[in-house]
2 protein chains.
Amino acid sequence: MRSSEAGTTGRKRMGRPSQLSQEAIIEAAQRIIDAEGDGSLSMRRLARELSITPMALYHHVRDRDQLLRLLLETKARNLPRPSLPEDPRERLTAAAQLLHDVLADCPFLGEILTSDDLMTASCLWVIEAVLEAALACGFAVDEAVGLYRAVAHYTGGELLIRLTRERHLAAHRDRPPYRARALATLQPQTHPRLCALADRWPALTSRDTHRAGLQALLDGFFRTLDAGGAPAAAGPV
Amino acid sequence: MRSSEAGTTGRKRMGRPSQLSQEAIIEAAQRIIDAEGDGSLSMRRLARELSITPMALYHHVRDRDQLLRLLLETKARNLPRPSLPEDPRERLTAAAQLLHDVLADCPFLGEILTSDDLMTASCLWVIEAVLEAALACGFAVDEAVGLYRAVAHYTGGELLIRLTRERHLAAHRDRPPYRARALATLQPQTHPRLCALADRWPALTSRDTHRAGLQALLDGFFRTLDAGGAPAAAGPV
DNA sequence: ACCTGAACACCGTTCAAGT
DNA sequence: ACCTGAACACCGTTCAAGT
């Protein structure tokens, strides 16, 4: 609906209903994803949505990778930036959780993770927040970066695997996933615990345990802090 | 080179040099991946490698997803199964590390993670080992599953992001990644720590910190064990 | 500058035949 | 049973032209 915002030109002639712009492209892309899932988002499909030639897109966007980054970028930019707790450890936990929240509900995240980095401009403030909190906790610089990376890996894996599961459930809700067949053919003598759990596996693995795992990860890092000497800024918990 | 092993039929006529089989297909697929990277592995490319019609493949393999699973399956099956430590906590750490080792060096892992589950038959013994060790540590059943999932998410994310980085380095080693540009345009007043780290970022994030993060994650779970009452099987560390 | 048309070099998969 | 040939419905992107 709305047109250019940061673009160089506005609409030149009143007759034209909507001059093509990066913003309009991203809006249309988001519309397609919302309606048909991210599997349907292709340059050609997007051009059809905008009633233009596929090649017209390449005048406003370098390539498909940049389009995906721009999608994440706009999504992240429009998100509120809540104030974080004062206590360093609580702040670190909140910032790490925020990294998850910013990236959640991005069906195209998988494609971004397999093509490039998630360090898009509008995500950088979250990374900054994680690093700041980690340093405030008393971690050394390289430890703080290591902690951030561990959090990013955990978060990326959680989101990716969750997205994949959801997509599978939505796509072929009739046929059971491959996992079910693998569990069914399992032998109790070689895989006793998995066999015993096979029935409950779908229920057990569909719960949202992101928060608990994240807390465990951070607690593990805190442990190294408490064990070592530096009493830089010891929070309560 | 070698032909069918678990297939129903061997070679019928001596004249034929190699009867097409699932094994031969997977071998050829692995050959393509090793030589040209997993980006080049398509059904059509694979058929060309085997000098057959693309459709001939579909007689031995359901679809591309199954092919990828079979690739992981064969890779995992041929891996040695080392004996694990006696101490439950050390055993859990070793088993979790094993999950990583089994999945490492699988360039197509990203495609598996975004299409299906990594619970292929030959990986199940690792999952079984993680669950066994977690239960031996004294975790309740649902806690053990939660722990396994956290480990799987962390491992999946680490491998995926590492693979993506490596692919990028190999593909366009000339142009800097998007991340570099994002870091370069950063302002010190809004992102002080990231700005200060920008120079060292590539070095800091190219280190292999999988092990440290995994240990932190597990330590965090152990903490909940030590805090609670159940003194089921308290290991030393 | 911004867009079109035609083309290149691909995809996964279905369907109807062949032997 | 196992394989081929032709086709369907797509891809991302380049290149040369148009206005």
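Proteins come first, then strands; the chains are lettered A, B, ... in the order of their sequence lines, and each starts at number 1.
B/His60 has its NE2 atom 7 Å from the C1' atom of D/dC2, to the nearest Å.
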Scan nucleotides 7-19 of chain D nucleotide by nucleotide, 5' to 3', and note B when protein non-hydrogen atoms come under 4.0 Å of the base, S if they reach only the sugar-phosphate, - if neither.
B---BBBBB----
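Side-chain atoms of B/Ser42 and B/Arg64 include no donor-acceptor pair closer than 3.5 Å. Between the side chains of B/Arg165 and B/Thr205, a donor-acceptor pair is found at a separation under 3.5 Å.
Between B/Lys75 and B/Asp105 no salt bridge is recorded (no basic side-chain N to carboxylate O distance below 4.0 Å). For B/Glu158 and A/Arg149, the salt-bridge test fails: no basic side-chain N is under 4.0 Å from an acidic carboxylate O.
Side-chain rings of A/His100 and A/Tyr154 stay apart, their centers remaining 6.0 Å or farther from each other.
C/dC8 and D/dC11 have their C1' atoms separated by 12 Å, with the value rounded to a whole Å. Across the P atoms, C/dC10 and D/dA9 are found 23 Å apart, a figure rounded to whole Å.
Interatomic distance, SG of B/Cys106 versus CD of B/Glu111, reported as 12.5 Å (0.5 Å rounding).
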Result block: side-chain N/O donor-acceptor pairs under 3.5 angstrom for residues 120-131 of chain A, not counting sequence neighbours:
| unit_1 | atom_1 | unit_2 | atom_2 | d |
| --- | --- | --- | --- | --- |
| A/Thr120 | OG1 | A/Glu73 | OE1 | 2.6 |
| A/Ser122 | OG | A/Glu73 | OE1 | 3.4 |
| A/Ser122 | OG | A/Glu73 | OE2 | 2.6 |
| A/Trp125 | NE1 | A/Ser122 | O | 2.9 |
| A/Glu128 | OE1 | B/Arg193 | N | 3.4 |
| A/Glu128 | OE1 | B/Leu194 | N | 2.9 |
| A/Glu128 | OE2 | B/Arg193 | N | 3.0 |

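A donor-acceptor pair under 3.5 Å is absent between the side-chain atoms of A/Thr53 and the main chain of A/Ala56, judged by distance alone.
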Using Watson-Crick or G-U wobble pairs with both distances under 3.5 Å, give me DNA chain C in dot-bracket, 5' to 3', with [ ] for crossers and | for pairs to another strand.
||.|||||...|||||.||
